[in-house]
Each structure stands twice: as structure tokens, then as C-alpha cells.
2 protein chains.
Amino acid sequence: MPPARKTALSSGSSSVQDYVKVIYAFTEWQDKPITSSQLAVRLGVANSSVSEMVRKLVELQLVDHRPYSAIELTGAGRRLALTMVRRHRVLETFLVQELGYAWDEVHDEAELLEHTVSDTFINRMAAKLGNPQRDPHGDPIPSADGTVHVPNAVQLEELDGGHTGRITRISDADADLLRFFSSEQIRLDDRVEVVGRRPFGGALVVRFGPTGSARELDLGDQAAAALWVHSDPHPGCLLAS
Amino acid sequence: MPPARKTALSSGSSSVQDYVKVIYAFTEWQDKPITSSQLAVRLGVANSSVSEMVRKLVELQLVDHRPYSAIELTGAGRRLALTMVRRHRVLETFLVQELGYAWDEVHDEAELLEHTVSDTFINRMAAKLGNPQRDPHGDPIPSADGTVHVPNAVQLEELDGGHTGRITRISDADADLLRFFSSEQIRLDDRVEVVGRRPFGGALVVRFGPTGSARELDLGDQAAAALWVHSDPHPGCLLAS
DNA sequence: CCCAATTTTTCGGCATGCCTAAATTTTGCC
DNA sequence: GGCAAAATTTAGGCATGCCGAAAAATTGGG
Ligand SMILES: [Mn+2]
Ligand SMILES: [Mn+2]
Ligand SMILES: [Mn+2]
Ligand SMILES: [Mn+2]
């Protein structure tokens, strides 16, 4: 009889949870699966640590992996990841809405708490918050049964001049950047219009805010890549089949 | 130059935090300091594990300890313990008041969360709860600056017949016992009168509830020891100097 | 298509915190 | 006071998750 493979349907250690969550998050807004070294950077650990942990995740049947190739979640891995993502984002929402945190202050606290709360805790907290559909940065909150709806959105960076849209998501990877957006009064759901590019790889010029009282602003690459917009259909766009 | 002794004013690992908290809690309602094996039982670890960790706690200057004798907190140890006790009890209060947990369901969840919340988190949560003075079991909540007021209370077990008082605290050590008290409608602040003892080391007979509609009840030793009462002054009691 | 740069894995080690078993010290009873 | 029982500490090990260095595989420019 085989040695009773570990199921890990339960939850795994907090390291396992973070690995799986980062692997999931990497493909949330684009398709390419994460590589070993990308995972290492995002987790702040050495490449060798990732190799070892990935072997363990394969044993736990949370990821599929052929040596030297990218890492992909199994069904069970995706379920676990969605649980962790839900926990993280419900907690962030609570911190902002109930405890008065600023949106740049919530990530680190949620990063730790997500591993110690129970499902009951999160479900009751979510109910108390009115089962929010997205967190303070616009990231979608999976439901308790593991379904998510990731909005159609592109990075502002990738839009050409003339396009308009609405800010759907602001990456929370860099707290300083979030503070910059705050200071510029850039918020979720603001309308935005791409005016154009400064010449020779310069900044992206955008217009923010309600159509009447819009402010024009130059955004650097980092900033433009952190803003995701739901783009309005555009006359000049032939792909709008 | 000495090897820069570790201060641990920060916080220590979650094991360190639990050890210090249990050492503190042991002397919260009585005076004798905890011994190595008592600590082991309360933490659910082997005696040898305690010996090792106590050596570490001495290095961290959180406890004083001569080999083979009892373990006592230093000033820094007591401060850390009070931080942890505050966290634990604020969390329990939140779980009951805001998330609708029953009082027998909160301990295990708080036991984990206490290690991952920040001071900001706890202080804001406490403010939101109105800075409660005690948790759902009547245990006092230290303030953020580390002051506690432990009410004068004795175990119901130790009162002789005729004494009356008010329930101040219900030990949360045993969840089954808490459920028993719930089912018997015994709550914090209920009035209680000791009627007497059943003969030959039998149960303690007590009367609960408002003076008019009181219920009489037989309590076993476990139950009588878990209930702490603020005893009214009693005519027959000569110690009421 | 080949080889050097890059990526990934393997190897040996370290820190934490736990365990069991074997000393060692203390305690309490005759 | 002496000695057996009980409490405590020490010794040797294990699991987890991390590291740096070395080995192995992949890759991509020429
Ligand atoms: Mn986040
Ligand atoms: Mn995390
Ligand atoms: Mn704890
Ligand atoms: Mn309590």
C-alpha cells in the first residue's frame, strides 16, 4: 500500500500558503506561469529555497512542475490559493473600513493575519462588511466557495492616446506608490483619459477626474504600470470586433 | 565587548510570547510562581522543552530562574506578558461582540491571532469596542500602557455557606465547562449565594440569579473552582476587619 | 551548432522548537 | 541522616524552512 500521500486539503504551513498564493497571484492579471526565480524574488527567499519548497508542493499535489520549467497550480493548489487570497483581501478591507487604516498600511498586516484566521472568522467578517466584491486596491475577493471574477482591465501604460476608461485596480505592491496616488487624489473608479506620450520614451500624459474638472498629469512608467483601467470601447480600435 | 545581549523588547517568537503569557497568567489570581512542570502542562509541551526555553528566556532577560526552582518574570517579561494578555483578551472581546462567537469558541482563535496582530491593530480594535475593561470571561484587559486591575475575587469553591456575592470571572480554561455554564444560564455579574455542602465531600449547593427568582443548583468541584466571585461582606466573617 | 551566460537544482549547514531517554538534583518520609 | 520517588535538566535527534556554494541543465548569440 502506498505511503498515504499527504492531502493538504487542510491548509499547509504558512510558508506553503504564501508560496501557493504568490504562484496564483502571478497569473491573476496575465497568463504566463511563474518561474522559480520570479517566485524567489516575490517571496524574498533564495532560489535554492524555492527549489526545495516546490518539490514539497509537488508532493502535496498543490503544484505541477517539471524540473527547469515553470510552476503551475493543480486544482487543489488553486483552491488553497483562492482561500488565502480571499483571506488577505477580506482582511485588508476590514482594516480600511473598520479600523481606519490607509490603503498603503494594510498589506503587511494582512500578510501575517491571513495565516492565523479561521474560515469562520473570515466568513463572518466578510458578512459584516457586506460581502465586498473587491479589496481597497480593486483586487477581486473570491467568494467562500472559491469563485472569482477578475475584471477586464489593462495597464494604463499599454493604452494609446485618446483612450478613456475607469480605474479598476491599483497594484498594492509598492506602498510608496500608493501614497503617491493618494497625494495626487487618484482613486479607484476615477475616470481617466490617455492624452499621449512625452517624446523619446517620456512620461505618459493622462487626464484624471470628472469630465468637467479634470486634472492633467505626467505619470512615470512605474505609476502607469500600477494603474489598471477598464477601457471604454474606442472608435479607432479595430480589435473591438 | 560583550556579545550585545538580545533585548527582545520587540516581541520575541510566538513561542516566547506564549511562555511568558502563561507564566504571567499563573500568578494573576494567586501568588505562587509557576514551576517547570506546571508550565509544561499548560503549554502542552514536554518538561525538557520547558527547560530549554527557560534558558533562552533567561538570556533574553524575560525571566529570572535558578535551576530547579520556580520561574518568575522580570520587568521586561511582565511588560511583554501584559501586551500579550491584552491582545488575547481584546481579540476575544471582538470575536464575541462583533463576530457573534460564543464565549466557548473564542479562546483557540485568539491564541493564534494574538501573535500576528500589531499594536496599532489592537489599539484601534480596542477603541472601536469602547476600550473594554474585561473580556467575555471577566478577565481584566490590561491597558495599552501596561496597567491592570485584577478584581478582588475568590473561587466559589472556597466560600462557606451563607456567603453571597457576584460572579466576577469564569475560567475559560475548559470550553466544555463554559458550555455547561451557558446551558445553566450562569453569566458574568449574576448574583450567587452559597447554600452549603452536600455531606461527605459532596457537591456545593448554590443559589443563582436575582433574589426573587433564584435557582438552586449543585455544582461539582471543577465547576465551583472555575467560578470566581466578588464576595459581599459577611456578618460571620471575622477577617472583615 | 556550440559554448558561455543564465537559470535551476543539489548539497551541506544553520536556527528554532520540539521530542524521548538518560542523567542529575531536590524532596519528603522513615 | 539516608534513600527512594519526583522534579528538573542535559544529551542526542528530528522536522521545517531558510541560506550560500557548487553542480547541472537550459538558453541564446555568434
Ligand atoms: Mn495586499
Ligand atoms: Mn502571508
Ligand atoms: Mn498563543
Ligand atoms: Mn478569556
Side-chain angles (χ1 to χ4, degrees), chain A residues 3-8 10-23 26 32-72 77 80 84 111-112 114-116, chain B residues 3-8 10-23 26 32-72 77 80 84 111-112 114-116:
Chain A
R5 239 194 264 73
K6 305 205 179 111
T7 60
S10 46
S11 49
S13 70
S14 60
S15 285
V16 167
Q17 293 175 343
D18 277 338
Y19 274 80
V20 161
K21 185 170 56 108
V22 171
I23 295 167
F26 190 82
K32 282 198 284 285
I34 198 168
T35 66
S36 196
S37 51
Q38 288 169 324
L39 190 42
V41 170
R42 282 175 174 67
L43 287 165
V45 300
N47 289 331
S48 55
S49 304
V50 171
S51 277
E52 288 167 346
M53 181 60 90
V54 167
R55 184 184 316 129
K56 183 185 205 169
L57 296 177
V58 170
E59 268 170 36
L60 293 173
Q61 297 187 276
L62 293 170
V63 305
D64 290 326
H65 185 231
R66 301 196 330 274
Y68 296 98
S69 65
I71 300 150
E72 292 183 85
L80 177 56
M84 298 313 298
E111 194 60 52
L112 294 177
E114 63 190 6
H115 308 293
T116 44
Chain B
R5 234 192 268 78
K6 305 204 180 116
T7 60
S10 45
S11 50
S13 68
S14 60
S15 286
V16 167
Q17 293 175 342
D18 277 338
Y19 274 80
V20 160
K21 186 172 56 112
V22 170
I23 295 167
F26 191 81
K32 282 197 285 284
I34 198 167
T35 65
S36 195
S37 50
Q38 288 170 323
L39 190 43
V41 170
R42 281 172 174 68
L43 287 164
V45 300
N47 289 328
S48 56
S49 304
V50 171
S51 278
E52 289 167 345
M53 182 58 91
V54 166
R55 182 185 316 127
K56 182 183 205 172
L57 296 177
V58 169
E59 267 170 36
L60 294 173
Q61 296 188 277
L62 293 170
V63 306
D64 291 325
H65 184 235
R66 299 196 331 274
Y68 296 97
S69 65
I71 300 149
E72 292 183 85
L80 177 56
M84 297 313 299
E111 194 61 52
L112 294 177
E114 61 190 5
H115 308 294
T116 42

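Everything quoted here is computed from the prediction, not taken from an experiment. Every chain is numbered from 1 and lettered A, B, ... according to where its sequence line falls, protein lines coming before strand lines. Note that these values count all heavy atoms, side chains included, but never hydrogens, waters or copies made by symmetry.
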Residue list, side chain to side chain donor-acceptor pair (under 3.5 Å) with Thr116(B), at least two apart or on another chain
Thr116(A)

Spacing between Asn47(A) atom CG and dT26(D) atom C1', to the nearest angstrom:
15 Å

Sequence neighbours excluded, which residues qualify as side chain to side chain donor-acceptor pair (under 3.5 Å) partners of Ser15(B)?
none

Pull out every protein N or O sitting under 3.5 Å from an N or O of nucleotides 11-14 of chain C, one pair per line with the distance.
{"unit_1": "dC11(C)", "atom_1": "N4", "unit_2": "Glu52(A)", "atom_2": "OE2", "d": "3.4"}

Between N or O atoms, less than 3.5 Å apart, protein on one side and nucleotides 2-4 of chain C on the other: list the pairs.
none

Apply side-chain contact (heavy atoms from CB on, under 4.5 Å) to Ala46(A) and list each qualifying residue two or more places apart in sequence or on a separate chain.
Ser48(A), Ser49(A)

Which residues pass the side-chain contact (heavy atoms from CB on, under 4.5 Å) test with Pro67(A), not counting sequence neighbours?
none

Nearest heavy-atom neighbours spanning Tyr19(A) and Val45(A):
OH-CG2, 3.7 Å

Is any side-chain nitrogen or oxygen of Thr35(B) closer than 4.0 Å to OP1 or OP2 of dA7(D)?
no

Partners of Val41(A) by side-chain contact (heavy atoms from CB on, under 4.5 Å), sequence neighbours excluded?
none

Please report the shortest heavy-atom distance between Glu72(A) and Pro33(A), naming the atom on each side.
CG-CB, 3.6 Å

List in chain and number order the residues that pass side-chain contact (heavy atoms from CB on, under 4.5 Å) with Asn47(A), two or more places apart in sequence or in another chain; answer none if no residue qualifies.
Ser37(A), Ala40(A)

Pairwise salt bridge (Lys or Arg N to Asp or Glu O under 4.0 Å) hits with a residue in residues 11-22 of chain B, at least two apart:
Asp18(B)-Lys21(B), Lys21(B)-Glu111(B), Lys21(B)-Glu114(B)

Are OP1 or OP2 of dC19(C) and a side-chain N or O of Ser49(B) less than 4.0 angstrom apart?
yes

Answer yes or no: does a side-chain N or O of Ser36(A) lie under 4.0 Å from OP1 or OP2 of dT7(C)?
no

Atom CG of Leu43(B) to atom C1' of dC19(C): distance rounded to whole Å?
15 Å

Grab the NZ-C1' distance between Lys56(A) and dC18(D) for me, whole Å please.
12 Å

Between dC18(C) and Tyr19(B), is there an OP1 or OP2 to side-chain N/O distance shorter than 4.0 Å?
yes

When you measure from the side chain of Val45(B), which nucleotide among dC18(C), dC19(D), dT10(D) comes out closest?
dC18(C)

With the sugar-phosphate defined as primed atoms, P, OP1 and OP2, and the base as all remaining atoms, what B/S/- string results for nucleotides 23-28 of chain C, 5' to 3', for protein heavy atoms under 4.0 Å?
-BSS--

Heavy-atom distance under 4.5 Å between the side chains of Leu57(B) and His65(B), does that happen here?
no

Counting the atoms with a prime plus P, OP1 and OP2 as sugar-phosphate, which does Ala46(B) contact under 4.0 Å by heavy atoms, base, sugar-phosphate, or nothing?
base

Return no unless some side-chain N or O of Ser37(B) is found under 4.0 Å from OP1 or OP2 of dA6(D).
no

Spacing of Ile71(A) atom CD1 relative to dT7(C) atom P, expressed in whole Å
14 Å

Minimum-distance nucleotide to Met53(A) side chain [options: dC18(C), dC18(D), dT9(D)]:
dC18(D)

Rounded to whole angstroms, how far apart are CG on Leu39(B) and C1' on dC18(C)?
14 Å

Suppose we screen for side chain to side chain donor-acceptor pair (under 3.5 Å). Which residues come up paired with Ser51(B), at least two apart in sequence or across chains?
none

Distance in angstrom units between Arg55(B) CZ and dG17(C) C1', rounded:
13 Å

Whole-Å distance separating the CD atom of Glu59(A) from the P atom of dA15(D)
13 Å

Without decimals, in angstroms, what is the distance between Asp18(B) CG and dG17(C) P?
11 Å

Criterion side-chain contact (heavy atoms from CB on, under 4.5 Å) against Ile71(B), the qualifying member of Val63(B), Val20(B), Val58(B), Asp64(B):
Val63(B)

Is the phosphate of dT9(D) approached by Ser51(B) (side-chain N or O, under 4.0 Å from OP1 or OP2)?
yes

Could you tell me the separation between the CG atom of Leu62(B) and the NZ atom of Lys56(B), rounded to the nearest 0.5 Å?
10.5 Å

State whether His65(B) places a side-chain N or O below 4.0 Å from either non-bridging phosphate oxygen (OP1 or OP2) of dT8(D).
no

